[in-house]
Chemist: 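Encoded as structure tokens, here's the structure I'll be asking about.
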Amino acid sequence: MPFEKPTKRVKTRRPMKRTRMNRGKPNVPGIEWAREVERRAGGLCQRCQINPGVHAHHIAPRARRPDLILDVKNGCWLCGPCHLYVHAH
């Protein structure tokens with residue numbers, strides 16, 4: 001009896017989880033906005049200036065100022081702890 005090779009698993013891409021915010025579509029303008037906010041900040045958190053930032057944060061809330069959603073001046077680049085602090089205060 002010859003040795004049988006295991007069948008190769010084909011990776012399938014899972015569909016994007018549908019949420020209220022993305023409605024199942026990637027937010028390309030939002031991704032570009034976040035990259036520009038990061039570029040302007042130089043990669044460091046704009047609050048503590050110590051940790052590398054990982055979150056793009058809207059200064060004026062999106063729900064209150066939808067006209068500023070893609071305005072780079074309305075964004076700041078924050079690390080995880082600072083992002084939690086900003087939302088808590």
Chemist: Measuring from Cys79:SG to His57:NE2, what's the distance to the nearest 0.5 Å?
Modeler: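 Taking SG in Cys79 and NE2 in His57, the distance rounds to 12.5 Å.
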
Chemist: Apart from Val86 itself, which Ile, Leu, Val, Met, Phe, Trp or Tyr residues share its cluster (side-chain heavy atoms under 4.5 Å, direct or through members)?
Modeler: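 Result for Val86 is Leu78.
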
Chemist: Go through the structure and list residues passing side-chain contact (heavy atoms from CB on, under 4.5 Å) with Arg35, not counting sequence neighbours.
Modeler: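 Result, side-chain contact (heavy atoms from CB on, under 4.5 Å) vs Arg35: Ile31.
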
Chemist: Mind checking whether Val37 and Leu68 sit in one hydrophobic cluster, side chains of I, L, V, M, F, W, Y counted as touching below 4.5 Å?
Modeler: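 No, Val37 and Leu68 fall in different hydrophobic clusters.
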
Chemist: My understanding is that only residues two or more places apart in sequence, or in another chain, count here; which of them pass ring-ring contact (aromatic ring centres under 6.0 Å, His included) with His58?
Modeler: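 Per chain and number, His58 pairs via ring-ring contact (aromatic ring centres under 6.0 Å, His included) with Trp33.
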
Chemist: For His89, what residues pass the ring-ring contact (aromatic ring centres under 6.0 Å, His included) criterion, not counting sequence neighbours?
Modeler: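 Once residues adjacent in sequence are excluded, the partners of His89 under the ring-ring contact (aromatic ring centres under 6.0 Å, His included) criterion are Tyr85.
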
Chemist: Please collect all salt bridge (charged side-chain N to carboxylate O under 4.0 Å, His left out) contacts where either partner lies in residues 63-79, sequence neighbours excluded, each pair once.
Modeler: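 Counting only pairs at least two positions apart or across chains, the salt bridge (charged side-chain N to carboxylate O under 4.0 Å, His left out) contacts touching residues 63-79 are Arg65-Asp67.
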
Chemist: Enumerate donor-acceptor pairs with a distance under 3.5 Å from any side-chain N or O in residues 44-55 to protein atoms, sequence neighbours excluded.
Modeler:
from: Gln46; atom 1: OE1; to: Trp77; atom 2: N; distance (Å): 2.7
from: Gln49; atom 1: NE2; to: Cys45; atom 2: O; distance (Å): 3.2
from: Gln49; atom 1: NE2; to: Gln46; atom 2: O; distance (Å): 3.4

